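Given the structure is predicted, the values throughout are model-derived calculations rather than measurements.
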Amino acid sequence: MVRRANSPRLEFEAAAVYEYPEHLRPWLDDLPRQPGVYVFQGESDVMPLYIGKSVNIRTRVMSHFRTPDEAALLRQSRRITFTRTAGELGALLLEARMIKEQQPLFNKRLRRNRQLCSLSLQGDIPQVVYAKDVDFSRQPGLYGLYANRRAALQILQQLADEHQLCYGLLGLEPLSKGRACFRSALKRCAGACCGRETHEDHHSRLLMALEQVRLVCWPWKQAVAIVESGPELTQYHIIDHWFYLGSVEQLEQARTLRQPPDGFDNDGYKILCKLMLSGEYEVIELD
């Protein structure tokens, strides 16, 4: 079978061939070898093509030029811009915020998740609750962060398997009163459903299992500043209830930053929680 030269398949295959992006070479000269965020810009000034971060902006951008799989990105790019940060933490925070705000075409991660949920104990049965309904930064007794309800229930099932908890008592499957569940006969459930163990013991093991994924409430009264110093730059990263509000070079400038939006910053929490509580960085409470 002979393909026509103007067939869509041939055009696609030709477009996929990698060519060194000579048109971007002039933008490489100013790229620093310091930490920060870089942006591949296309024709649009509103929506960038790709946003990335690195402790060495120039080296990371050059790695894109050596990757044939990124031919489409490089071909569509018209310029490369960057923002310096004091270190890796500032780059992580800025990258996450910029991706959520600008929704670049070639970034697949760090996008907003409207279905973000957690598990909450209501009585003895864990329930799925959503960040759009509950303030995860203030509400105690929440366990885990999940992309959707299905992911939350899968983790609950996994914890049940690891700790011999009863699917029926957890609401994962129907349970007839007074009858053992199917997993009990297989010795995968310790038997709280049929009296082989007490409900109190079952609940205690459930709490122990959930503790592995417990969310940490915001431990400060108001916003704080994380101090990050690099060889050439010191920044104060302003954080409020796990939201990254921005970075300033003078602490007095923190007053100019906006208040945190409604909702919960999943990425901010994952980046910051352990780090801020570890004592690795100086944390200053703001008035």
Do Met98 and Val37 have side chains that approach each other closer than 4.5 Å (heavy atoms only, starting at C-beta)? yes
State, yes or no, whether a side-chain contact exists between Lys132 and Gln115 at a heavy-atom distance under 4.5 Å. no
Going through the distances and angles, do Glu282 and Ile284 end up as a side-chain contact (heavy atoms from CB on, under 4.5 Å)? CA-CA 7 Å; Glu282 180 184 1; Ile284 302 172; 3.8 Å; yes
Can any side-chain N or O of His202 pair as donor or acceptor with the backbone N or O of Ala190 at less than 3.5 Å? no
Within 6.0 angstrom of Asp262 CG, more than 12 heavy atoms from elsewhere: no
Distance-only, no hydrogens or angles: does the Ser77 side chain make a donor-acceptor pair with backbone N or O of Leu73 under 3.5 Å? yes
Is a donor from one side chain sitting under 3.5 angstrom from an acceptor on the other, for Gln158 and His163? no
Please walk me through it: do Leu119 and Leu156 pass side-chain contact (heavy atoms from CB on, under 4.5 Å)? CA-CA 9 Å; Leu119 292 169; Leu156 182 59; 4.2 Å; yes
Would you find more than 12 non-hydrogen atoms of other residues, nucleotides or ligands less than 6.0 Å from Arg196 atom CZ? yes
Would the distance check show the side chain of Gln127 and the main-chain N or O of Gln122 forming a donor-acceptor pair, the cut-off being under 3.5 Å? no
Rounded to the nearest 0.5 Å, how far does CG of Leu116 lie from CZ of Phe264? 7.0 Å
Lys/Arg N to Asp/Glu carboxylate O, Glu43 vs Arg78, below 4.0 Å: yes
Do the charged groups of Arg188 and Asp161 touch, with an N to O distance under 4.0 Å? no
Closest non-hydrogen atom pair between Gln259 and Leu245, with its separation: C-CD2, 4.2 Å
Show the numbers, then the answer: is there a salt bridge (charged side-chain N to carboxylate O under 4.0 Å, His left out) between Asp45 and Arg79? CA-CA 11 Å; Asp45 291 328; Arg79 60 195 182 283; 2.4 Å; yes
Can you tell me how far NE2 of His203 sits from CG of Leu210, rounded to the nearest 0.5 angstrom? 9.0 Å
Could you check whether Tyr50 and His64 have their ring centres less than 6.0 Å apart? yes
Just checking, any donor-acceptor pair under 3.5 angstrom between side chains of Ser54 and Asn56? no
Taking the basic N atoms (NZ, or NE/NH1/NH2) and the acidic carboxylate oxygens, is any pair closer than 4.0 Å for Lys221 and Asp287? no
Is Met47 atom CE crowded by more than 12 heavy atoms from other residues, nucleotides or ligands, each under 6.0 Å away? no
Quick check against the 3.5 Å criterion: does Tyr236 have a side-chain atom that pairs as donor or acceptor with the backbone of Gln253? no
Taking atom CD1 of Ile226 and atom CD1 of Ile238, what is their separation to the nearest 0.5 Å? 9.0 Å
Non-hydrogen atoms of Leu92 and Ile271 that approach each other most closely: O-CD1, 4.0 Å
Do Val61 and Val55 land in one hydrophobic cluster if side-chain heavy atoms of ILVMFWY residues count as linked below 4.5 Å? no
Distance, nearest 0.5 Å, that separates CD1 of Ile239 from CG of Leu93: 5.0 Å
Checking Arg258 against Glu101 for the salt bridge (charged side-chain N to carboxylate O under 4.0 Å, His left out) test, could you report, in this order, the C-alpha distance in whole Å, the side-chain angles of both residues, the deciding distance, and whether it holds? CA-CA 14 Å; Arg258 61 179 174 81; Glu101 290 178 348; 3.5 Å; yes
One thing to verify: whether Arg60 and Glu88 come together as a salt bridge, which I'm taking to mean a side-chain N less than 4.0 angstrom from a carboxylate O. no
Tell me, with the steps shown, if Leu170 and Ile125 meet side-chain contact (heavy atoms from CB on, under 4.5 Å). CA-CA 5 Å; Leu170 296 181; Ile125 301 178; 5.7 Å; no
What I'd like to find out is whether the side chain of Arg138 reaches to under 4.5 Å of the side chain of Cys217, using heavy atoms alone. no
Between Ala192 and Cys189, what is the shortest heavy-atom contact and its length? N-SG, 4.4 Å
Compare all side-chain heavy atoms of Arg205 with those of Glu197 and state whether any distance is below 4.5 angstrom. yes
Classify the side-chain pair Ser278/Tyr281 by whether it contains a donor and acceptor separated by less than 3.5 Å. no
Does anything in residues 140-152 pair up under side chain to side chain donor-acceptor pair (under 3.5 Å), and if so which pairs, sequence neighbours excluded? none
Give a yes/no verdict on a cation-pi contact between Arg183 and Tyr167, requiring under 6.0 Å between NZ or CZ and the six-membered ring centre and an angle within 45° of the axis. yes
Any side-chain heavy atom of Leu94 sitting closer than 4.5 Å to one from Thr83? yes
One should read off an interatomic distance between Leu74 CG and Phe106 CZ, to the nearest 0.5 angstrom, of 9.0 Å
Do you know which two heavy atoms are closest between Ile57 and Gly36, and how far apart they sit? CD1-CA, 3.6 Å
Could you check if a side-chain atom of Val128 sits within less than 4.5 angstrom of a side-chain atom of Leu153, using non-hydrogen atoms only? yes
Close side-chain approach of Val39 and Ile80, heavy atoms under 4.5 Å: no
Assess whether a salt bridge exists between Arg97 and Asp265, defined as any Lys/Arg side-chain N lying under 4.0 Å from an Asp/Glu carboxylate O. no
Of all heavy-atom pairs linking Gly90 and His237, the shortest is CA-CE1, 3.4 Å
Look up atom CD in Gln250 and atom OG1 in Thr256, then write down how far apart they are to the nearest 0.5 Å. 12.0 Å
Any donor-acceptor pair under 3.5 Å linking the side chain of Glu280 with the backbone of Met276? no
Worked check of side-chain hydrogen bond (donor to acceptor under 3.5 Å, both in side chains) between Glu285 and Gln222: CA-CA 7 Å; Glu285 288 195 63; Gln222 58 272 318; 3.1 Å; yes
Using side-chain heavy atoms (C-beta onward) and a distance below 4.5 Å, is Leu121 in contact with Leu206? yes
Among the clusters formed by ILVMFWY side chains lying less than 4.5 Å apart, do Leu165 and Met208 turn up in the same one? no
Same cluster (ILVMFWY, side-chain, under 4.5 Å), Val213 and Val216: no
If two hydrophobic side chains count as joined below 4.5 Å and joins carry through other members, does Leu169 share a cluster with Leu207? no
Check whether any side-chain N or O of Ser118 sits under 3.5 Å from a backbone N or O of Gly144 as a donor-acceptor pair, and report yes or no. yes
In short, Val129 meets Phe136 closest at the heavy-atom pair O-CZ, 3.7 Å
Whether Trp218 and Trp242 hold their rings parallel, tilted or perpendicular, with breakpoints at 30° and 60°: perpendicular
So Cys194 and Arg179, side-chain contact (heavy atoms from CB on, under 4.5 Å) or not? Walk me through it. CA-CA 6 Å; Cys194 59; Arg179 297 185 60 182; over 6 Å; no
Treating Ile, Leu, Val, Met, Phe, Trp and Tyr as nodes and any side-chain heavy-atom pair under 4.5 angstrom as an edge, say whether Tyr244 and Leu277 lie in one connected cluster. yes
